[in-house]
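To keep things clear, I will list the structure first and then write my remarks on it.
Small disclaimer: the values here were computed from a predicted structure and weren't measured. Both ligands and their constituent atoms are indexed starting at 1 by order of listing.
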Amino acid sequence: MKIGVLALQGAFAEHIAVLKRLNVDVVPVRLPHQLEELDGLIIPGGESTTITKLMVNYNLAHKISELAKKNFPIFGTCAGMIVIASGVANGKIEPIGAMAIKVKRNAFGRQVDSFETELAIPALGKKPFVGVFIRAPLIESVGKEVKVLAKLPDGTIVAARQDKLLVCAFHPELTDDLRFHQYFLDIISGKR
Ligand code: GLN
């Protein structure tokens, strides 16, 4: 399996490291032709304003949105989730609109308000998953084609799936727990 990690800005190196631990081929994607022959793409956390601008400048935005329409597997984490959303409540940002979720940026406050919390994610098994939230967005609403995967105790949606599109508001690549990435690989191979 060959997975691309969008490597324009943000936490791409950490995602690449996790994928290597899972023994898949990894391509750091900076140029449009690098999107060819991939089985899936991860869009990492970082700054969604910067990532979306660079995606346009590097001629990647259109191509990634075309791929998403063809049911190409994409996993967006944190800023990457904002990038593939269909609407962003706050901030001047144009997401590619691949997934029927509306998100709110910086929903938990500033950098100093970043936090870690144990999440129940039934799709990953019984053991809780530690969510690392760094100036994280939240999912305000989801379309009927979207399956909610995780919520905070107050009901805030923080992870979801729509067919082969997967998103989470937190940073699974910053923990030693490989289950979220493995879940994405299982979606690609049709096991999940
Ligand atoms: N605050 C960032 C944004 O709005 C997301 C933060 C992150 O990816 N950790 O793009």
Run the salt bridge (Lys or Arg N to Asp or Glu O under 4.0 Å) check on E66 and K63 step by step: do they pass?
CA-CA 5 Å; E66 286 302 305; K63 199 146 185 186; over 6 Å; no

Ligand 1 N/O within reach of R135 N/O, cut-off under 3.5 Å:
yes

Tell me whether T77 has any N or O atom under 3.5 angstrom from an N or O of ligand 1.
no

Using a strict 4.0 Å cut-off to heavy atoms of [X], name the atoms of ligand 1 that fall inside it.
X	result
H171	7 (C), 8 (O), 9 (N)
E47	1 (N), 2 (C), 3 (C), 10 (O)
G45	8 (O)
I82	3 (C), 4 (O), 10 (O)

Among all protein heavy atoms, pick the one closest to [atom] and tell me residue, atom and distance.
atom	result
atom 4 (O) of ligand 1	R105 NE, 2.6 Å
atom 7 (C) of ligand 1	C78 SG, 2.7 Å
atom 1 (N) of ligand 1	N106 OD1, 2.6 Å

Parallel, tilted or perpendicular for F75 and F180, by the 30°/60° rule?
parallel

Out of A79, A136, G46, whose heavy atom is nearest to atom 6 (C) of ligand 1?
G46

